[in-house]
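Naming convention: chains lettered A, B, ... in sequence-line order (proteins, then strands); numbering from 1 in each chain.
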Number of protein chains: 2
Amino acid sequence: MPRMAQDRQKQDRQKQGGAGKRVTMAAVGRIAGVSQVTVSRALSDPSKVSPETLRRIRDAIEATGFVPNAIAGALASQRSNLVTALIPSIINITYSAFIRTFSQRMREAGYQILLSETGFDPAEEESVIAAHLSRRPDAMLLTGIHHSARAKRQLLGAGIPVVEVWDITDTPIDLCVGFSHPEAARAVADHLVARGHRAAATVTASDERAGRRRDAFAARFTALTGHPVPDHDTRGPASIGAGRAGLAALLDNEAFRAGVVFCSSDLLAHGIMIEARARGLRVPRDIAVMGFGDQDFARVLDPPLTTVRIDRDRLGQVAADALLGRIACREDGQAISDIGFRIIDRGTA
Amino acid sequence: MPRMAQDRQKQDRQKQGGAGKRVTMAAVGRIAGVSQVTVSRALSDPSKVSPETLRRIRDAIEATGFVPNAIAGALASQRSNLVTALIPSIINITYSAFIRTFSQRMREAGYQILLSETGFDPAEEESVIAAHLSRRPDAMLLTGIHHSARAKRQLLGAGIPVVEVWDITDTPIDLCVGFSHPEAARAVADHLVARGHRAAATVTASDERAGRRRDAFAARFTALTGHPVPDHDTRGPASIGAGRAGLAALLDNEAFRAGVVFCSSDLLAHGIMIEARARGLRVPRDIAVMGFGDQDFARVLDPPLTTVRIDRDRLGQVAADALLGRIACREDGQAISDIGFRIIDRGTA
DNA sequence: GTGAAAGCGCTAACAG
DNA sequence: CTGTTAGCGCTTTCAC
């Protein structure tokens, strides 16, 4: 900030009066007739302070509107009560829904969550990780299992519990909770072939995990049926519009005319249903659709969407518990949790 | 297998010094052969340090994996470079989409965002505000204009810039950017009546602002047509499923048989389209639908959804700029910004 | 049950 | 250009 602006700001804050001096524990103590430490104790463990003193301190806090300075507390105690989380996208319900469960669980345990988006970009992630680490979080949540070497080093150096979610690996940085994407995709291929499908295509959003599902699906489907699996890459985030465009492209290219489309998300699948209907094609008779994620709308579409359920709430919960366990130094909890997946057979495939 | 990975992990942490000594500026300085302040300067303003010294410091940082301690920095400088934001729901795209724009803008200016949900509950909001204030943010964003008296007092006492978004008032705490919900709702009523609609109903999610829109809409529509406007309250968050259930309830109650349904969100409107079609009703011939929000899917539905557009990106941008302006002490920026709304006429009403 | 003293790791003056 | 000296507002530890 330019020097002048800074000076002016200082003056303004002082003029504000109420804002000039923020209330400190020392000030509260002065009013209550005790020392600063006693105020600290009254807040952190009231039982260590006599009832009478406690009352005076509480009155003083109320009168001054004192709000403790967590920054100073964190510096002194070396505990920030902060947990940071990185997700690819905040507007993608897949991630935001499980972050909500995770946050709630952590908040109940007294932690606040610092959340950032990384936008599916490893370089971006690296810089965000460093920024987060500078806040000295007590633990950290990362999405996915691929991180730059530098980021891993810093994470290890931080000496805090780290949980990687939404994927699974034998070699996590620390903790890991998720499921195997290739395995899920192969299960989908097996399922669709068992149901009699002999032609398939995929529509896939820009997401490394989605890409691995597509590859595993195509490999298995082709192995089983001998037919290639054309793919449409949305080159962007999943959306209903991208799904419509995806089916349109597949059909117009004549790479695909009928069969089942396996999508990397329910949103895409929904778009495919709309596009199919707009073209006078019947779902699932002409075009069958398989989603991924089992978002809340999947069951209320018409026909209801066949998809793969990932228990996001459980994922958030298990991730939080794993971290909490590590923080409490219970090293006994298992480091790797596979929460699995489940094919939900409904009306579109 | 987990066991081995776990053991390996444990060793790694111990070797790393686990909870051991984190690298400090003093340590980096020692290695580079300079004092701690010089390291600080090298980081905050490299031009103040000789090139040769800078090189040695950078090498030392690289070698040690040093990550600056923002906690200590914040305590010393009285600037946290943290901005906190409260939104009702993280999984509601309405809010998460604009938070993304806001965050990006703030990040470019060097701020990190601490985000929390308040879940539409004022009491919850109050406690979250206090928790956020304890982190000594440099600014704060609040959703809506209704806050508890205690919360307002603490906010004022904090002496930081505060912006209230998604609504508008003549008496903001500090800054305010949004639009008038009753005004938007009345404009919708005028528009629908002008298009010939004489019967209307509403489907409304649990959200104070949505409720105010419904009330203003019903009052205007009735004043214009003489007909009452039945409402279905979803008693919960907006969703496609809630929209379907809403139309079903309206129709089954016989409070409503044909006409236009004004929804508090596009998601609800989408559900209504699905339910109407499932019942063999034509949209918009039998049931017309008006959404709210103009989410990305609105234009790709079939028929495309008529709705009200709120420029969320602009909202996020203006909110960020307002805050940044205040932080830089440019008191000239206007305190209240009305970003307006726009009726987007498409195929459903 | 309460207080005094000693930092936590950094930034902000002020010297040199 | 670089170093020294003071804190920032708490928690911790040790006395009393």
Side-chain angles (χ1 to χ4, degrees), chain A residues 1 3 6-7 9-10 13 20-30 32-57 60-61 64 66-82 110 133-138 158-159, chain B residues 19-30 32-57 60-61 64 66-82 110 133-138 158-159:
Chain A
M1 196 193 299
R3 155 148 236 89
Q6 224 170 343
D7 290 350
Q9 171 139 11
K10 222 179 278 177
R13 299 192 157 257
K21 280 256 164 303
R22 302 261 359 221
V23 184
T24 65
M25 281 188 177
V28 170
R30 230 171 286 126
V34 294
S35 77
Q36 174 265 125
V37 249
T38 306
V39 178
S40 172
R41 276 196 277 256
L43 256 23
S44 60
D45 185 358
S47 74
K48 291 180 141 183
V49 168
S50 81
E52 165 58 12
T53 309
L54 193 56
R55 203 189 47 66
R56 291 208 317 276
I57 290 175
I61 288 176
T64 53
F66 169 69
V67 176
N69 186 330
I71 299 273
L75 184 61
S77 68
Q78 306 285 66
R79 294 186 59 246
S80 60
N81 290 316
L82 227 201
L133 250 17
S134 78
R135 301 269 169 201
R136 295 297 187 264
D138 291 335
Chain B
K21 282 256 159 296
R22 301 264 353 223
V23 183
T24 66
M25 281 189 178
V28 171
R30 229 170 288 128
V34 294
S35 77
Q36 174 264 124
V37 250
T38 305
V39 178
S40 173
R41 276 196 278 256
L43 256 23
S44 59
D45 185 358
S47 74
K48 292 180 139 182
V49 169
S50 81
E52 165 58 11
T53 309
L54 193 57
R55 203 188 47 66
R56 291 207 317 276
I57 291 175
I61 288 176
T64 54
F66 169 70
V67 177
N69 186 331
I71 299 273
L75 184 61
S77 67
Q78 307 285 65
R79 296 186 59 245
S80 60
N81 290 317
L82 226 201
L133 251 17
S134 78
R135 301 270 170 201
R136 295 298 187 267
D138 291 336

dG7(D) P sits how many Å from R22(A) CZ, rounded? 22 Å

DNA chain D contacts among residues 33-41 of chain B, heavy-atom distance under 4.0 Å: V34(B), S35(B), V37(B), T38(B), R41(B)

Taking only N and O in the side chain of T53(B), is any of them less than 4.0 Å away from OP1 or OP2 of dT2(D)? yes

OP1 or OP2 of dT2(D) less than 4.0 angstrom from a side-chain nitrogen or oxygen of S50(B), does that happen here? yes

On a heavy-atom basis, which atom in L75(B) and which in N69(A) lie closest, and how many Å separate them? CD1-ND2, 4.4 Å

As a test of reading the structure: which of dG1(C), dC10(D), dC8(D) is closest to the side chain of A76(B), going by heavy atoms? dC8(D)

Could you tell me which non-hydrogen atom of R136(B) sits nearest to which non-hydrogen atom of V23(A), and how far apart they are? NH2-O, 4.3 Å

Provide, to the nearest angstrom, the distance between the CD1 atom belonging to I57(A) and the C1' atom belonging to dG3(C). 12 Å

Starting at CE of M25(A) and ending at P of dG9(D), how long is that distance when rounded to a whole Å? 12 Å

Taking the nucleotide of DNA chain D with the closest heavy atom to each, which residue, A70(A) or V49(B), is nearer the 5' end? V49(B)

Tell me the interatomic distance from F66(B), atom CZ, to dC10(C), atom C1', rounded to whole angstroms. 9 Å

Heavy atoms only, 4.0 Å cut-off, all strands: where does S44(A) land among base, sugar-phosphate and nothing? nothing

Compare the minimum distances between each of dC8(D), dT2(C), dT11(C) and the side chain of L75(B), then state the nucleotide with the smallest one. dC8(D)

To the nearest angstrom, the CG-P distance between N69(A) and dT11(D) comes to 9 Å

Checking contacts here: which listed nucleotide (dC1(D), dT12(D), dC8(D)) is nearest the side-chain heavy atoms of Q78(B)? dC8(D)

d(R41(B) CZ, M25(B) CE) to nearest 0.5 Å is 11.0 Å

In this structure, how many angstroms lie between the P atom of dC14(C) and the NZ atom of K48(B), rounded? 13 Å

Rounded distance in Å - CD1 (I61(A)) to P (dC10(D)): 10 Å

Just the rounded figure in Å: distance from P of dC1(D) to CG of D45(B). 10 Å

